[in-house]
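Predicted model, so just to flag it, every value in this text is computed and none were measured.
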Amino acid sequence: MTDLGAFSYSTDLVVGGNKVAVSIDDRIVVADTTGEVEGTITGLSGAYGLAMTPDGTRLYAALMGSGEVAEIDTATLEITRRVDLTAYGCPSSLALTGERLWVGYGGCGGASGALGLDLSVTTPEPAPFEVPLKSGPYLAAAGNTLVVGEGGGSPADLFVYDVSGAAPVFRGEIDGHTYFHGRLNDVAVAPDGSHVISAFALPDAFEMWDATTLARVHSYEKGPEAEGYPATVAISPDGAYIAGGRNQLSAGGMTLYDRASGAEIYAASLPEGEIVDGSAAFSGRDIFSLLKTDSDHLYLWRLHDVTLPASTLTLTAEPGATAQQPLALTGRLAFDDGTVPGAQPLAVTRTLPDGTSTELPSVTTAADGTFTITDTPPIGGELTYTVLWNGDESHRWSKASLTTAVRYVTTLTLTGPTSAVAGTRLVFSGQIQVTGATAPRSGTITVRRTRSGDDGETVQRPVGINPSASYMFTDVLSAGEYTYTAHWAGGGQTGPAQASHVVTVYEPTK
C-alpha cells in the first residue's frame, strides 16, 4: 500500500516496463514496480486517461481540462510534446497499439467519439472515426483489436474495430440490450487481440468475448471470496490470467482467474476502502490497483507474485507459555504443487500486546519444510508471532500468524519459623505476586511437607488464597527437620510458581 494523497474522480493507472503511473486530476504520480514513488508531474489540467509504451519510456495523458494529449518522458518526467484536441473536447480515455494512440473524447456536455493519432510523425493530426456512442467512451486495445465501450448507462454497448490497416474497420457491436449489460466499469483486450474481457456492473460476472465473431466464450463468476460487482479487469502480459476486482458496500477484493478454465488461482480481500473503477494492471507477476478510502484517500495497492503457484505456512505454539521462559513454536512450509521446499529462510516477528513489534532471528526450514522457533516472551498477555516466506522464482510468498496467550511471571513467598520446639503450634504465611497483572484473590495453593531422614514422610494439603493475595497455614510437629514447599499451578493469566522453607524442630528442654 502506497499513500498517494487525496482521491480524485479523474484517476487512472497504467504500467509499462518498470514504471507505474497514476493520474490524480492536476498531477501524475510515477512509481517503480515495487510501489516506491519516483516523482510527480504537477500543474496539469484534468489529467485522466493514461497509456504507456510497453518499455515504460513514454507516457501519454489525456488532459480533459486543457483539451490536450501530453507525451511525457518517464526518465525526466518532462512533457515532450502536446497534441491539441480542443476541437473534440474532453479527451478522457487512451489506448496504445504500436505507434498509434487511440483517444476517446466526450462525456462532459459535448459529443462523444474516438479518434486516432499517428505518433510516428512530429505533429500528429487527429483522425476521428465513427462510433455510435450514447455516452463517454472507454477504450482498450491490443494486437489488431480496438474496443470502444460506452462508459455509462444501461444498456451499454461495446464496439469492436480492426486496426490492422490505415484506418479502423468496424467489426461489430456487442449489444448491451441483448446481454443485459449495464454500466461499463472497465474493458481489456488479450495481448494478441483475440479476445475482449469486459467488466460491467451488470451482469455480475467478468465476460470474455471472441474479438472476431463477437460471441461470448466465457463468464468468470464470483466465488465465495469474490463478493461484489465487477469494477476493474486486466489480463496478464502472457494472456494466461485474468485479474478481476470487485466492490461491495462492506467488502470486495481482487481475484485471479485462469483464463482458459476460469478457475480461481488467487483471491485477496481489500485492505481497506474500495477499488477504483478501471484501475487494475499487471506488472509481470504482480497486480497493481488503486484503492480509495471512505475519507477519499487514494492508495496504490500491489499484490505481489500472484501468478506463481501458491505456498502455505502453518504455525502452532506449545500450550501454557509463561513470560521469561522459553517457548517453542513449530510449523511447516508447503508448496501447493507438491514439490519439497528444502532449506528456505523465514522471517519471524513478535508483536506484544501494546502493538510493539520486534524482528526475531530468522529460521531455516528443514528439507521437508518443517521448522522450529524458540523464543523467550518478555512479558505476559496476548502475543502474536508472524512467520513470512518471501517466495522464490517458482512459488508465491506466504505468511502465517499465531496469537498465543502468554502467562505472566508469578512468584510465591513462604515465611515461618526456622526453628521450633516439638508440640508447639507453628504459623506459616506467604504472598502470591504477579508481574504485570493482578494477583489471584482466590484459588488453592498446594503445600507439601517433607521430613528429612531415612524415615522421612511427605504430607500434602491444600491452602486457600485469601482476598489480599496471601495465604496462611499452621502445623504442629515432632522433632526433626522439615521442608515445606508451596506450589501454585498457574491460572488463565498467571504462570506456575513455588517457594520453599525449612524448619528444624527440637525436643523440649527438661
Side-chain angles (χ1 to χ4, degrees), residues 317-329 350-354 356 358 374-385 403-510:
E318 60 182 9
T322 302
Q324 301 178 19
Q325 295 182 16
L327 167 66
L329 302 98
R350 179 188 63 213
T351 304
L352 301 181
D354 65 358
T356 303
T358 301
T374 302
D375 182 47
T376 301
I379 63 172
E382 298 286 321
L383 272 64
T384 299
Y385 289 87
T403 299
T404 184
V406 177
R407 297 184 292 184
Y408 293 89
V409 174
T410 306
T411 57
L412 276 180
T413 62
L414 177 57
T415 61
T418 58
S419 63
V421 177
T424 59
R425 181 173 177 268
L426 307 180
V427 179
F428 301 88
S429 63
Q431 194 82 23
I432 183 168
Q433 300 170 330
V434 180
T435 302
T438 302
R441 299 298 195 259
S442 62
T444 300
I445 288 175
T446 301
V447 175
R448 186 175 69 250
R449 184 191 73 199
T450 303
R451 180 175 179 173
S452 300
D454 295 339
D455 59 345
E457 61 174 351
T458 298
V459 177
Q460 188 166 291
R461 59 189 283 198
V463 176
I465 301 172
N466 61 41
S468 63
S470 61
Y471 64 100
M472 186 190 73
F473 62 94
T474 63
D475 208 355
V476 177
L477 302 171
S478 59
E481 184 178 272
Y482 299 85
T483 300
Y484 288 89
T485 302
H487 178 74
W488 166 247
Q493 288 189 309
T494 61
Q498 69 178 32
S500 297
H501 182 77
V502 177
V503 59
T504 303
V505 179
Y506 301 96
E507 293 288 354
T509 302
K510 295 182 181 180

*Asks:* Give a yes-or-no answer on whether the side chains of Ser419 and Thr504 include a donor-acceptor pair shorter than 3.5 Å.
*Replies:* no
*Asks:* Quickly, which of Arg449, Arg451, Arg425 forms a side chain to side chain contact (heavy atoms under 4.5 Å, CB included) with Leu477? Name it, please.
*Replies:* Arg449
*Asks:* Using side chain to side chain donor-acceptor pair (under 3.5 Å) as the criterion, list what pairs up with Ser478, not counting sequence neighbours.
*Replies:*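 For Ser478, the residues satisfying side chain to side chain donor-acceptor pair (under 3.5 Å) (neighbours in sequence not counted) are Tyr482.
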*Asks:* Do Tyr385 and Asp375 touch side chain to side chain, with heavy atoms closer than 4.5 Å?
*Replies:*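 Tyr385 reaches Asp375 side chain to side chain.
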*Asks:* Could you walk me through whether Thr384 and Thr403 satisfy the side chain to side chain contact (heavy atoms under 4.5 Å, CB included) test, starting with their C-alpha distance in whole Å, then the side-chain angles of each, then the deciding distance to 0.1 Å, before giving a yes or no?
*Replies:* CA-CA 4 Å; Thr384 299; Thr403 299; 2.8 Å; yes
*Asks:* For Ser468, which residues count as a side chain to side chain donor-acceptor pair (under 3.5 Å) partner, sequence neighbours excluded?
*Replies:* Asn466, Ser470
*Asks:* Not counting sequence neighbours, which residues clear side chain to side chain donor-acceptor pair (under 3.5 Å) with Thr494? List them please.
*Replies:*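 If we apply the side chain to side chain donor-acceptor pair (under 3.5 Å) test to Thr494, skipping adjacent residues, the hits are Trp488.
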*Asks:* Could you check if a side-chain atom of Ile432 sits within less than 4.5 angstrom of a side-chain atom of Thr410, using non-hydrogen atoms only?
*Replies:*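 SC-SC contact between Ile432 and Thr410 confirmed.
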*Asks:* Kindly give the heavy-atom pair with the smallest separation between Ala479 and Ala422, and that separation in Å.
*Replies:* N-CB, 3.7 Å
*Asks:* Could you tell me whether the side chain of Thr444 and the main chain of Pro462 form a donor-acceptor pair under 3.5 Å?
*Replies:*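 No; judged by distance alone, with no hydrogens or angles, the pair does not exist.
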*Asks:* Which heavy atom of Ile379 sits nearest to which heavy atom of Val406, and what is that distance?
*Replies:*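 The answer is O-CG1, 3.7 Å.
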*Asks:* List the residues meeting side chain to side chain contact (heavy atoms under 4.5 Å, CB included) with Pro467, not counting sequence neighbours, and say none if there are none.
*Replies:* none
*Asks:* Just verifying a value: how many Å separate Thr413 OG1 and His501 NE2, rounded to the nearest 0.5 Å?
*Replies:* 11.5 Å
*Asks:* On a heavy-atom basis, which atom in Ala323 and which in Gly380 lie closest, and how many Å separate them?
*Replies:*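 Result for this residue pair: CB-N, 3.6 Å.
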*Asks:* Going through the distances and angles, do Met472 and Val427 end up as a side chain to side chain contact (heavy atoms under 4.5 Å, CB included)?
*Replies:* CA-CA 7 Å; Met472 186 190 73; Val427 179; 4.0 Å; yes
*Asks:* Rounded to the nearest 0.5 Å, what's the gap from CD on Gln433 to CG on Leu412? Could you check?
*Replies:*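 It comes to 9.0 Å.
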*Asks:* I'd like to check Phe428 versus Tyr471 (side-chain heavy atoms, cut-off strictly below 4.5 Å). Are they in contact?
*Replies:* no
*Asks:* Just by modelled atom types, is the Thr485 backbone N or O under 3.5 Å from a matching donor or acceptor in the Gln498 side chain?
*Replies:*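 Side chain of Gln498 to backbone of Thr485, a donor-acceptor pair under 3.5 Å: no, none is there.
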*Asks:* Please report the shortest heavy-atom distance between Pro496 and Ala489, naming the atom on each side.
*Replies:*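 Taking Pro496 first and Ala489 second, the nearest heavy atoms are CB-O, 3.8 Å.
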*Asks:* Taking atom OG1 of Thr404 and atom CZ of Arg350, what is their separation to the nearest 0.5 Å?
*Replies:*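 These two atoms lie 13.0 Å from each other.
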*Asks:* Quick check: do Ile465 and Ile445 have side-chain heavy atoms less than 4.5 Å from each other?
*Replies:* yes
*Asks:* Give the intermediate values and the outcome of side chain to side chain contact (heavy atoms under 4.5 Å, CB included) for residues Val459 and Arg448.
*Replies:* CA-CA 6 Å; Val459 177; Arg448 186 175 69 250; over 6 Å; no
*Asks:* If you compare all heavy atoms of Ala405 against all heavy atoms of Glu382, which two are closest, and at what distance to 0.1 Å?
*Replies:* CB-OE2, 3.6 Å
*Asks:* Less than 4.5 Å apart, side chain to side chain, heavy atoms only: is that true for Phe473 and Leu414?
*Replies:*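 Yes - at least one pair of side-chain heavy atoms lies under 4.5 Å apart.
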*Asks:* For His487 and Val447, indicate whether the former's side chain and the latter's backbone hold a donor-acceptor pair under 3.5 Å.
*Replies:* no
*Asks:* With Arg407, which residues qualify under side chain to side chain donor-acceptor pair (under 3.5 Å), at least two apart?
*Replies:* none
*Asks:* Pairs in or reaching into residues 479-505: which pass salt bridge (Lys or Arg N to Asp or Glu O under 4.0 Å), with residues at least two apart or in two chains?
*Replies:* none
*Asks:* Within the 4.5 Å heavy-atom criterion, are Leu352 and Leu383 side-chain neighbours or not?
*Replies:* yes
*Asks:* Counting C-beta onward and ignoring hydrogens, is there a side-chain heavy-atom pair between Gln493 and Val434 closer than 4.5 Å?
*Replies:* no
*Asks:* What closest approach, in Å, do Arg441 and Ala469 show between heavy atoms, and which atom pair accounts for it?
*Replies:* NH1-CB, 3.5 Å
*Asks:* Side chains of Thr450 and Glu457, heavy atoms from C-beta outward: is any pair under 4.5 Å?
*Replies:* no
